[in-house]
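First the structure, in the form of structure tokens, and then the observations on it.
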There are 2 protein chains.
Amino acid sequence: MGRWEPDAAGRLREAAMALYAERGYDGTTVAEIADRAGVTARTFFRHFADKREVLFAGSEQLERHMVEALAAAPADATPMEAVTAAVLATAEFFDDIRRDYSRRRAAVITSTPELRERELIKMATLTTSLTDGLLERGVAPDVAALAAETGVAVFRVSFERWIAAPDDVPIADVLQATLKTLATLTA
Amino acid sequence: MGRWEPDAAGRLREAAMALYAERGYDGTTVAEIADRAGVTARTFFRHFADKREVLFAGSEQLERHMVEALAAAPADATPMEAVTAAVLATAEFFDDIRRDYSRRRAAVITSTPELRERELIKMATLTTSLTDGLLERGVAPDVAALAAETGVAVFRVSFERWIAAPDDVPIADVLQATLKTLATLTA
DNA sequence: ATCGGTGATGTCAGTCAATGACATCACTGG
DNA sequence: CCAGTGATGTCATTGACTGACATCACCGAT
């Protein structure tokens, strides 16, 4: 396929993460990322819309997965039950291998305003998708929006906790714990 | 003060809004904005951090105002009562004159991803500030975060409604109505 | 009224993100 | 072995943003 080695996008992702972690986002140029990945800057922009997007490559996949889990929930499930299924489905994306990457990624994002902006809009998009999924299940608009918002909040909080947790704690446990906390809060 | 006319920042704001509305955000260059305002592009960047920020100039002011209103609430007010005071205080910023500007501004923002990102981070910052304000009132962290989030949501929804509402509806009424809806929802 | 300081602006040069147009190479199927 | 396809390289260009330095208006002190 490629002119040389395969998986240029993957190499670009790794190169970007390494350089962002090492020199910071602002201190890294696209040309440097491309060099390290063995391609040109032009190729970088063929794989990623901009310099930020390289850190959010998996997000569409995750979103699709959550929406599918939402749709796959039993027809008689309550809105919150369906959302819970979608949230729990994220566990399949974050195994122990991804944890180290996730940690470094989170560190870079929180320290870079431009990247925090991008993350916020990704979360907003995710919320919209889940809301739409609930609407297709016949959920009332108000309830759908609120349930989706809550689900994304649970995912966000859980993800942060998982990153900060010891290495032997799987994300599934954290998600369950967060959902339990939510239940006690609203009880 | 200025080399020529005063209030260069104000002229830049108006010029930017006019051009964004006319040619779109992407179709407008900073040089064009500066030209219309009678200054150079370099001066634009002395007043605004970047091309996006020119549309969010008043936000720090609004945020400060809300935080002050929050702090000024009676010591025995509940967290939600204090947040309500902060939300209602925004009415002083959006008179009828600002309405037309707000409408055009909203139209540009919703149609430009880059600007939506910036708006999201502004709202996130506002939420953080309100949370901090509540913490200083001795509110428990969980409650503070939730109350702040709710308050910002009310403001956001109200603002959208106000823009869509007929010209004779003041924003204060919309804010009250939204708060009332919230009360019935949580009842 | 003159002088010097201060702050805002202009000028200039430069870096870097991002995009369009076109050439080129690797791989595929016939 | 050849033509087609897709990914990549090359080149040129635009435009956002920054640093360094000069310049001008204004203000207070002399």
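Letters A, B, ... are given to chains in the order of the sequence lines, protein chains preceding strands, and every chain is numbered from 1.
Regarding Asp7(A), its CG atom lies at a distance of 17 Å from the C1' atom of dA26(C), rounded to whole Å. In this entry the distance linking CZ of Arg118(A) with C1' of dA17(C) reads 13 Å, nearest Å. The CG-P distance, from Asp50(B) to dA18(C), rounds to 13 Å in whole Å. Following rounding to the nearest Å, Arg42(A) (CZ) and dA21(C) (P) show an atom-to-atom distance of 10 Å. Distance Glu53(B) CD to dA16(D) P: 16 Å, rounded to the nearest Å. Put simply, CZ on Arg46(B) is 13 Å from P on dA20(D), counting in whole angstrom units. To the nearest angstrom, C1' of dG9(D) lies 17 Å from CZ of Phe44(A). Per the geometry, NZ belonging to Lys51(B) stands 8 Å off C1' belonging to dA16(D), to the nearest Å.
Taking 4.0 Å as the cut-off between side-chain N and carboxylate O, Glu53(B) and Lys122(B) count as a salt-bridged pair. Electrostatic pairing of Arg52(A) and Glu119(A) does not count as a salt bridge here, judged by no charged N lying under 4.0 Å from a carboxylate O. Ion pairing of Arg99(B) with Asp96(B) is present here, as a side-chain N (NZ or NE/NH1/NH2) and a carboxylate O approach within less than 4.0 Å. Using a cut-off of 4.0 Å between Lys/Arg side-chain N and Asp/Glu carboxylate O, Asp100(B) and Arg103(B) are scored as not salt-bridged.
Contact annotation: Arg52(A) reaches the phosphate of dA18(C) (side-chain N/O to OP1 or OP2, under 4.0 Å). Residue Thr43(A) has a polar side-chain atom (N or O) positioned under 4.0 Å from OP1 or OP2 of dG9(D). The side chain of His47(A) places an N or O atom within less than 4.0 Å of a non-bridging phosphate oxygen (OP1 or OP2) of dT8(D).
Counting heavy atoms from C-beta on, the side chains of Arg64(A) and Gln61(A) come closer than 4.5 Å.
Heavy atoms of Ala8(B) sit under 4.0 angstrom from primed sugar atoms or phosphate atoms, though from no base atom.
Residues from residues 106-114 of chain B that place a heavy atom under 4.0 Å from any atom of DNA chain D: there are none. Remark: Thr28(B), Thr29(B), Val30(B) in residues 11-39 of chain B come within less than 4.0 Å of DNA chain D through at least one heavy atom.
Residues satisfying the ring pair (Phe, Tyr, Trp, His ring centres under 6.0 Å) criterion with Phe48(B), sequence neighbours excluded, are Phe44(B). Partners of Phe45(B) by ring pair (Phe, Tyr, Trp, His ring centres under 6.0 Å), not counting sequence neighbours: none found.
For residues 168-187 of chain B, no pair satisfies salt bridge (charged side-chain N to carboxylate O under 4.0 Å, His left out), with sequence neighbours left out.
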Using residues 27-37 of chain B as the side-chain source, report each donor-acceptor pair under 3.5 Å to any protein atom, sequence neighbours left out, with the distance given to one decimal.
residue, atom, partner, partner atom, Å
Thr28(B), OG1, Leu19(B), O, 3.3
Thr28(B), OG1, Gly24(B), O, 2.7
Thr29(B), OG1, Glu32(B), N, 3.1
Glu32(B), OE1, Arg23(B), NH1, 3.1
Glu32(B), OE1, Thr29(B), N, 3.1
Glu32(B), OE2, Arg23(B), NH1, 3.1

